[in-house]
Student: 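Got a structure for you, written out below as structure tokens; questions coming shortly.
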Amino acid sequence: MFIHTVFFWLRDDLAAHETAQFVDGARSLTTIESVRQGYLGTPASTDREFIDRSYSYALTAIFSDQAAHDAYQVDPVHDRFRDECAHLWRQVRIYDAVTVDA
């Protein structure tokens with residue numbers, strides 16, 4: 001499996017409708033055909049020394065393999081999200097991982 005996790009730090013000056021625009025756009029990414037499972041969330045209330053809760057939203061998309069992930073990257077829904085929502089965040093960090101076979 002290929003796990004794609006994206007952390008977004010939204011701009012501090014966003015109006016409620018702009019935050020809603022981001023949420024709707026991010027949720028649309030989970031509808032892309034190559035996404036097996038997709039989740040959008042906010043930081044959990046856990047508070048331990050090594051937990052980073054500074055981000056605004058996290059998106060996790062799970063794919064069967066890297067080819068499915070690569071198809072997601074060029075999907076028109078992904079392009080539309082980036083084009084329509086990139087101005088809403090001040091920082092983004094992406095972490096990709098593959099599962100380790102036993």
Side-chain angles (χ1 to χ4, degrees):
M1 251 188 303
F2 190 103
I3 299 105
H4 176 70
T5 305
V6 186
F7 294 90
F8 297 92
W9 286 259
L10 298 186
R11 290 187 1 237
D12 295 330
D13 63 343
L14 294 184
H17 76 275
E18 291 171 309
T19 301
Q21 176 187 353
F22 169 83
V23 169
D24 289 345
R27 283 186 179 144
S28 74
L29 297 173
T30 66
T31 70
I32 294 174
E33 186 175 341
S34 64
V35 176
R36 286 179 55 180
Q37 294 177 324
Y39 307 95
L40 180 67
T42 56
S45 62
T46 50
D47 190 19
R48 295 187 304 275
E49 181 180 357
F50 297 105
I51 296 176
D52 179 359
R53 297 179 63 231
S54 67
Y55 61 94
S56 306
Y57 287 88
L59 172 76
T60 300
I62 300 172
F63 305 92
S64 57
D65 55 25
Q66 185 168 344
H69 164 266
D70 294 349
Y72 162 90
Q73 289 295 329
V74 297
D75 189 284
V77 173
H78 186 269
D79 291 341
R80 183 171 46 254
F81 169 71
R82 192 174 48 248
D83 291 344
E84 294 178 359
C85 294
H87 70 283
L88 302 173
W89 61 76
R90 60 183 169 81
Q91 181 179 345
V92 63
R93 289 279 184 261
I94 300 171
Y95 297 90
D96 290 332
V98 292
T99 54
V100 178
D101 295 328

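Owing to the predicted nature of the structure, the values given are computational and were not obtained by experimental measurement.
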Student: Apply ring-ring contact (aromatic ring centres under 6.0 Å, His included) to His78 and list each qualifying residue two or more places apart in sequence or on a separate chain.
Tutor: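 If we apply the ring-ring contact (aromatic ring centres under 6.0 Å, His included) test to His78, skipping adjacent residues, the hits are Tyr72.
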
Student: Indicate every side-chain donor-acceptor pair of residues 19-27 with a distance under 3.5 Å to a residue at least two apart or in another chain.
Tutor:
unit_1: Gln21; atom_1: NE2; unit_2: Glu84; atom_2: O; d: 2.9

Student: Shared ILVMFWY cluster between Met1 and Val35, side chains joined below 4.5 angstrom?
Tutor: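 In one cluster with Met1: Val35, no.
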
Student: What pairs meet the salt bridge (charged side-chain N to carboxylate O under 4.0 Å, His left out) rule with one or both residues in residues 62-78, with sequence neighbours excluded?
Tutor: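 For residues 62-78: none.
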
Student: Passes side-chain contact (heavy atoms from CB on, under 4.5 Å), Phe2 versus Ile62? Steps please.
Tutor: CA-CA 6 Å; Phe2 190 103; Ile62 300 172; over 6 Å; no

Student: For residues Leu29 and Leu59, report the shortest heavy-atom separation together with the two atoms involved.
Tutor: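 Shortest heavy-atom separation between Leu29 and Leu59 comes out as CD1-CD2, 3.5 Å.
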
Student: Please name the pair of heavy atoms, one in Ala68 and one in Ser34, separated by the smallest distance, quoted to 0.1 Å.
Tutor: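 For Ala68 versus Ser34, the nearest heavy atoms are O-OG, 3.0 Å.
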
Student: Restricting to salt bridge (Lys or Arg N to Asp or Glu O under 4.0 Å), what partner residues turn up for Arg90, sequence neighbours left out?
Tutor: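 Expected list: none.
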
Student: Under the side-chain contact (heavy atoms from CB on, under 4.5 Å) test, which residues partner Asp79, sequence neighbours left out?
Tutor: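 If we apply the side-chain contact (heavy atoms from CB on, under 4.5 Å) test to Asp79, skipping adjacent residues, the hits are Arg82.
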
Student: Working to the nearest 0.5 angstrom, can you tell me the gap between Ile32 CD1 and His69 NE2?
Tutor: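 Nearest 0.5 Å value for the CD1-NE2 distance: 10.0 Å.
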
Student: List in chain and number order the residues that pass side chain to side chain donor-acceptor pair (under 3.5 Å) with Asp12, two or more places apart in sequence or in another chain; answer none if no residue qualifies.
Tutor: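 Asp12 satisfies side chain to side chain donor-acceptor pair (under 3.5 Å) with no residue once adjacent residues are dropped.
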
Student: Flag yes if Trp89 and Tyr39 sit in one hydrophobic cluster, no otherwise; membership is Ile, Leu, Val, Met, Phe, Trp, Tyr, and two members link when side-chain heavy atoms are under 4.5 Å apart.
Tutor: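 No, it is not one cluster - the side chains of Trp89 and Tyr39 are not joined through contacts under 4.5 Å.
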
Student: If you look only at pairs with a residue in residues 1-11, which of them pass as a salt bridge (charged side-chain N to carboxylate O under 4.0 Å, His left out), with sequence neighbours excluded?
Tutor: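 For residues 1-11, and leaving out neighbouring residues, the salt bridge (charged side-chain N to carboxylate O under 4.0 Å, His left out) pairs sorted by first residue read Arg11-Asp13.
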
Student: Find the distance between CG (Leu40) and OG1 (Thr30) and round it off to the nearest 0.5 Å.
Tutor: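 It is 8.0 Å, given to the nearest 0.5 Å.
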
Student: Quick test of your reading: applying side chain to side chain donor-acceptor pair (under 3.5 Å), list the pairs with at least one residue in residues 45-64, sequence neighbours left out, ordered by first then second residue.
Tutor: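 Sorted result for residues 45-64: Trp9-Ser54, Asp52-Ser54.
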
Student: Mind checking what makes salt bridge (Lys or Arg N to Asp or Glu O under 4.0 Å) contact with Arg36, not counting sequence neighbours?
Tutor: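 Once residues adjacent in sequence are excluded, Arg36 has no partner under the salt bridge (Lys or Arg N to Asp or Glu O under 4.0 Å) criterion.
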
Student: Should Leu10 and Phe7 be regarded as members of a common hydrophobic cluster, given that ILVMFWY residues are connected when their side-chain heavy atoms come within less than 4.5 Å of each other, either directly or indirectly?
Tutor: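 Shared cluster, no.
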
Student: Of all the heavy-atom pairs spanning His4 and Phe63, show the shortest one and how long it is.
Tutor: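 Nearest pair, atom of His4 first, then Phe63: CB-CE1, 3.7 Å.
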
